[in-house]
Amino acid sequence: MEFTVSKFREFLNKRKIMAAKCKKCGVINLPPRPICKNCRSSDLEWIELKGKGKLVTFSIVHVPPTPLIAEGHGREKPYAFGVVELEKGARITARLVGFDLKKPEKIQIGMDVEAEFLEKNGKTILTFKPAS
Amino acid sequence: MGKLARGVAVIGAGMSKFGAFPDKTTRELFVEAFVEAVKSVDKGIETREIEALFLGNFSNDIFEGQVHTGPLMADLVGITPGPAMRVENACASGGAALRLGILAVASGAHDVVCVAGVEKMTNLETSRVTDVLASAADSVYEFSAGATFPGLYAEIANAHMRKYGTTIEQLRMVGIKNHENGALNPKAQFQSTIRDIMKARAERAKAKGLPAPSWKDEMDFLSDPDANPVIAWPLRLFDCSPITDGAAVVILAAEEVARKFTDTPIHVVGTGQGSDSLALHDREEITSLRAARVAAEKAYKMAGLRPKDIEIAEVHDCFTIAEIVATEDLGFFKPGEGGKAVEEGLTRRNGEKPINTSGGLKAKGHPVGATGVAQVVEIWHQLRGEAGARQVPGVEVGLTHNVGGSGASCTVHIFRR
């Protein structure tokens, strides 16, 4: 089984966003999955996605779960996350960085964003920031 | 396909008080609901006549460190040695248990079964409850990116507002309405309208010698960031259902034997269930739940009814936006028109489509695994004309809609007097 969570993370550690493209129907499965979400074929191949996309939706979290409290987040220091579309139908949930969270109206659905890889505890985290 | 092999009816229903009960475990909550359900059977029932237990429960593993809750509860009330099992479908655990109970009776395997739901959530701090609830989302790809449960529904809200122009005021009107209903429900966690809450806060401030807050009206109060802080933008505290302890129980019987127990059974005329991707990024749409649309379509088809035939509904308003999306997915209003319907008062008790007369998850409370069963308890009371101050006169057809996670599971059930 090749299109696994751990493979996806290995690629991320090399700063690559890799998806499983279906050789039959052409749909890009992001995050990767072993069976195509569209046509259910298991004839897939890895493709690398460029880190440019559009913001599909988002939220700014003021009451975080414990791992983010450990990172210092809370009412005084909220964080944002959202869904980003990198290619048609290829979407992923990720943290949003570089936005002014005191002005939520500045975050607009449909705006251009680009990948920003952050290093945390020896792992690479995929985040997105406003496109330059 | 799509029909029950034989008819099934609800012959009894009960629930515990919903709220925060530091001195109660799941055991006491379940027994409280069970005893009320048994008492509600008009002509009486012996526990030994109940052949099996289907128990909806989301996460007692973490909340109490206790699993195997099916036989644990069955033993307490004497359903043992019959089969007893826990059913888990996140926040739709109760609805899923209900469906399995219905199918077990319809199949002929059992004549009388108990369907229950229970959750004891207030032992843990809010941050840990946030972790547990978020585990109903995609833990690898959503939780790791910082998604919380309110955060996921906030994503749905932002997308809905952007696509249809739904307003933050319309979301707040859902909360105002459900608190008005909850104020009339003696089992609700919050038996107070938003106005009652404003008054109590003003009095508290006065007692402490602080300047009295001067909110013009409910909307002004709900816009005050101190009174109604952001949980996950754009959702604020009063857009979210609370953390709740509680249990609910219904007793189901085959139509053939139902009259032995009551002259007013509530007939199950439709059941449907659907599923979808856990993660929002894997779904075709973010502003509507496919699992809910599929569940509704199956239930309507089985019942031979259309959305306009439903006279009253309990829907899964874990967040205010969720009620708006639910009323669209169920076909009560067109996609994008749920917000306007609330604004026009159509979903109030005296409106053309009363929604969440119990107070909904927002005011009645949301003990996750109990919710799908508690919804049936409200429909049972309403269809029998026993809902007291919140009774909608003369209703004969009711619907329940129970969602798991951010929409990866949904059950819809239709009942007729």
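Below, chains carry the letters A, B, ... as their sequence lines are ordered, and counting in each starts from 1. Just so you know, these numbers come straight off a predicted model, no measurement behind them.
Note that CZ of B:Arg162 and CG of A:Leu55 are 9.5 Å apart. Values are rounded to the nearest 0.5 Å. Note that the CG atom of B:Leu152 and the OG atom of A:Ser59 stand 8.5 Å from one another [nearest 0.5 Å]. A:Lys37 contributes atom NZ, which lies 5.0 Å from atom CG of B:Asp282 (distance to the nearest 0.5 angstrom). The structure places OG1 of A:Thr93 at 6.0 Å from CD of B:Glu155, a figure rounded to the nearest 0.5 Å. The distance from the CZ atom of B:Phe143 to the CZ atom of A:Phe81 is 11.0 Å, given to the nearest 0.5 Å. We find the NZ-OG distance between A:Lys123 and B:Ser144 to be 8.0 Å, quoted to the nearest 0.5 Å.
Other residues, nucleotides and ligands contribute only 12 or fewer heavy atoms inside 6.0 Å of the NZ atom of A:Lys103. Summarising the local packing, CD1 of A:Ile35 is surrounded by 12 or fewer heavy atoms from other residues, nucleotides or ligands at distances under 6.0 Å. Counting non-hydrogen atoms of other residues, nucleotides and ligands closer than 6.0 Å to CD of B:Glu284 gives a total of 12 or fewer. Applying the 6.0 Å contact sphere to CD of B:Glu125 captures no more than 12 heavy atoms from other residues, nucleotides or ligands. In A:Glu76, the CD atom is not crowded: 12 or fewer heavy atoms of neighbouring residues, nucleotides or ligands sit closer than 6.0 Å. Within a 6.0 Å sphere centred on CD of B:Gln66, other residues, nucleotides and ligands contribute more than 12 heavy atoms.
Between chain B and the options A:Val5, A:Thr66, A:Val61, the largest number of non-hydrogen pairs under 4.5 Å is found for A:Thr66. By number of non-hydrogen pairs under 4.5 angstrom with chain B, the leading residue of A:Pro31, A:Pro67, A:Ala94 is A:Pro31. Put simply, of A:Val84, A:Leu68, A:Ile92, the one with the most heavy-atom pairs under 4.5 Å next to chain B is A:Ile92. Top candidate by heavy-atom pairs under 4.5 Å with chain A, chosen from B:Pro234, B:Ser277, B:Gly151, is B:Gly151.
Neither the backbone nor the side chain of B:Ala279 comes within less than 4.5 Å of any heavy atom in chain A. Both the backbone and the side chain of B:Ala159 come within contact range of chain A, judged by heavy atoms closer than 4.5 Å. Residue B:Arg236: no heavy atom, backbone or side chain, is found under 4.5 Å from chain A. Looking at A:Ile69, the atoms closer than 4.5 Å to chain B (heavy atoms on both sides) all sit in the side chain, from C-beta outward. When heavy atoms are compared at a cutoff of 4.5 Å, B:Ile231 approaches chain A by way of both its backbone and its side chain.
The main-chain N or O of B:Ala145 is never found under 3.5 Å from a side-chain atom of A:Arg95 such that the two would form a donor-acceptor pair. In this structure a side-chain-to-backbone donor-acceptor pair under 3.5 Å is missing from B:Ser127 to A:Pro65. Side chain of A:Arg75 to backbone of B:Val230: a donor-acceptor contact under 3.5 angstrom is found. When atom types are taken as modelled, the side chain of A:Tyr79 and the backbone of B:Gly146 share a donor-acceptor pair closer than 3.5 angstrom.
Under 3.5 Å, the side chains of B:Asn158 and A:Thr57 contain no donor-acceptor pair of N or O atoms.
Residues B:Pro229 and A:Val63 have side chains not in contact (no heavy-atom distance under 4.5 Å, counting atoms from C-beta outward).
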Notebook entry, point to check: For A:Leu101 and B:Trp233, what are the C-alpha separation, side-chain angles and deciding distance, and is it a side-chain contact (heavy atoms from CB on, under 4.5 Å)?
Noted result: CA-CA 10 Å; A:Leu101 301 186; B:Trp233 178 269; over 6 Å; no
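Of all heavy-atom pairs between B:Ile286 and A:Arg91, the closest is CD1-NH1, 3.9 Å.
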